[in-house]
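These notes are about the structure you will find just below.
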Amino acid sequence: MDLKNFLKDKSLNEWINDKYLDFNNLEELRKLFLENKPFSYLELKDFFNENKIIKILKSLSKEEFHERESDLFKFMQTEDFKLIKNKTLNDFRNFLFSNAFISFMEYLTGFELKNKIDISGSLYQNSDYLLCHDDQLEGRKIAYFLYLSNMEENEGGNLNLFNAEFKVARKIIPKFNTFAFFEVSDKSLHELEEVIVNKQRIAISGWFYDQ
Amino acid sequence: MINKIYLNKISDLKEHFSKNGSLILHEFLSEDIKKEVLNLKFIKEYSPMKYSYSKSNFKLNNEILDFISKILGKEINNNFESFSFGWKDYTILSDEINYEYGIDIIIDFADDWDSNFGGSIVYVDGSGNYTKIEPSSNTLILFDKKDNKRFIQYVNNFAKDKKRIFILGSFKY
């Protein structure tokens, strides 16, 4: 499909902020994804149309979050949205793995993706964390995050990306309606810094697959 | 050095460990050993995908070694290390670590420590079952790991500047 026509797709325009459907902007972002260090990633602020995101946040707040705890993490999480009956959350999931959005992600990243995703809501509160790991599991190609709350850098909850020397080389601070994603590989070491204030860090996250 | 209550009950303690695979003795030592351990020079070790803690070599005295050897029914070597876990410290289970099964010997000096701070020693069997040993001041813990793997739970910001210090030795059967 011709890219300029593809960007006129109805569902893309319904969900995504206009500035990310501009051909020239996308070209720049595509380059940025490849050039970013310590590994390929993008952080797209005000990514979705705000009216959609507010509905999603309202819907998510009605869902049940379950405690998750292991050697690696402590936080709360919903079931995968495919198991949730809420229409708004189902619509969002359907959009993320629609042909239009998968093609959009393929264009930005240069990867060939399958129409398969994982998606769930997460809630990190004071003392919750996710320690350093690489996310590698069969077929996972892109890890993504949609932030639904605002955190300050000194409040924790930042997504830290490590370089090959195991130093934090990039810090992504959660801001409402920022869509961030990175390539999953043996280099994609990252952590979610412990939240150290009495605030709720809410996000939707998951993976796109190439197998 | 060792609380006299325990010195007089070695055969009972041996039987308890043999039957249950674990033994916990509170108020285990006198204060002087504790002071010695707290004054050790700990050196930071950090490998983000595996661990973050501070460590120091430590030799147990013969009285403690003999006592533990009698309970286990076998002689143990003096191969112990002292660990200090503060805020942001942890260990993670890793495929790169060769876990040796056997008996863990822990002398815990976690003073003024709340379990909400994290830092518990957790044994997992890989099928969802786990045994969590909460920090406890001046306590001897003997734990037969069988095929369990051990990790130390992340210490969170609630711990502030407190340190969770313990001596650990791990012995094969």
Side-chain angles (χ1 to χ4, degrees), chain A residues 38-39 66-76 123-138 143 151-171 182 184-201, chain B residues 44-53 83 85-99 104 113-135 143 145 147-162 164 168:
Chain A
F39 44 84
H66 308 278
E67 282 184 22
R68 308 280 189 226
E69 186 170 4
S70 77
D71 56 327
L72 200 61
F73 51 72
K74 183 169 87 69
F75 66 106
M76 298 183 87
L123 168 64
Y124 286 76
Q125 303 179 93
N126 197 345
S127 83
D128 288 348
Y129 58 89
L130 172 60
L131 299 176
C132 183
H133 65 292
D134 61 17
D135 259 9
Q136 282 195 102
L137 205 67
E138 199 175 346
M151 303 291 289
E152 301 301 324
E153 185 176 352
N154 61 3
E155 294 175 333
N158 305 307
L159 176 68
N160 292 336
L161 309 183
F162 288 77
N163 62 21
E165 288 76 45
F166 297 122
K167 305 281 183 207
V168 174
R170 181 75 177 90
K171 208 177 262 278
F182 60 76
V184 175
S185 74
D186 57 359
K187 292 178 187 161
S188 58
L189 300 183
H190 63 285
E191 69 175 4
L192 196 154
E193 249 177 60
E194 179 193 351
V195 173
I196 58 169
V197 292
N198 291 325
K199 270 173 86 166
Q200 295 191 325
R201 179 199 189 274
Chain B
K44 183 77 182 179
E45 297 193 8
Y46 177 58
S47 175
M49 287 184 77
K50 294 178 189 168
Y51 52 77
S52 169
Y53 49 64
F83 291 88
F85 280 73
W87 183 25
K88 299 185 181 179
D89 285 338
Y90 59 88
T91 69
I92 300 176
L93 299 173
S94 166
D95 293 338
E96 292 175 25
I97 296 172
N98 182 24
Y99 294 93
D104 270 358
W113 194 273
D114 188 291
S115 58
N116 283 336
F117 300 170
S120 293
I121 299 172
V122 184
Y123 295 93
V124 292
D125 70 357
S127 58
N129 300 312
Y130 68 91
T131 304
K132 188 187 266 191
I133 297 179
E134 306 282 5
F143 187 82
K145 289 183 285 188
D147 56 354
N148 285 243
K149 294 176 180 175
R150 176 202 339 112
F151 72 88
I152 314 295
Q153 189 186 30
Y154 176 85
V155 176
N156 62 48
N157 74 94
F158 298 154
K160 295 183 179 165
D161 57 355
K162 291 192 171 77
R164 195 249 152 121
L168 172 68

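Here is the naming used below: chain letters follow the sequence lines, and residue numbers restart at 1 for every chain.
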Is chain B contacted by the side chain of A:Phe162, its backbone, both, or neither, given a heavy-atom distance below 4.5 Å?
side chain
Could you tell me which of B:Asn157, B:Asn156, B:Ile152, B:Asn116 has the largest number of non-hydrogen atom pairs under 4.5 Å with chain A?
B:Asn157
Less than 4.5 Å to any heavy atom of chain B: does that hold for the side chain of A:Glu69, its backbone, both, or neither?
side chain
Tell me, for B:Tyr46 versus chain A, whether the close heavy atoms (under 4.5 Å) come from the side chain, the backbone, both or neither.
side chain
Under 4.5 Å from any heavy atom of chain A, what part of B:Tyr90 do you find: side chain, backbone, both or neither?
side chain
Tell me whether the rings of B:Phe83 and B:Tyr53 are parallel (<30°), tilted (30 to 60°) or perpendicular (>60°).
perpendicular
Is it the side chain or the backbone of A:Asp128 that comes within 4.5 Å of chain B heavy atoms, both, or neither?
neither
Side chain from CB out, backbone as N, CA, C, O: work out which of these in A:Phe166 comes under 4.5 Å of a heavy atom of chain B, or both, or neither.
both
Here the pair of heavy atoms bringing A:Ser127 nearest to A:Lys74 is OG-NZ, 3.3 Å
What's the spacing between A:His133 NE2 and A:Leu72 CG if we round to 0.5 Å?
6.0 Å
Counting only non-hydrogen atoms closer than 4.5 Å, does B:Lys149 touch chain A with its backbone (N, CA, C, O), its side chain (CB onward), both, or neither?
neither
Does B:Lys88, at its NZ atom, have more than 12 non-hydrogen atoms belonging to other residues, nucleotides or ligands within less than 6.0 Å?
no
To the nearest 0.5 angstrom, please state how far the CG atom of A:Asn154 sits from the CD1 atom of A:Ile196.
7.0 Å
For B:Thr91, which atoms come within 4.5 Å of any heavy atom of chain A: side chain, backbone, both, or neither?
backbone
Which is it for A:Asp134 and A:Ser188 under the side chain to side chain donor-acceptor pair (under 3.5 Å) test, yes or no, and what are the steps along the way?
CA-CA 5 Å; A:Asp134 61 17; A:Ser188 58; 5.7 Å; no
Which atom of B:Glu134 lies closest to which atom of B:Ser120, heavy atoms considered:
OE1-OG, 3.0 Å
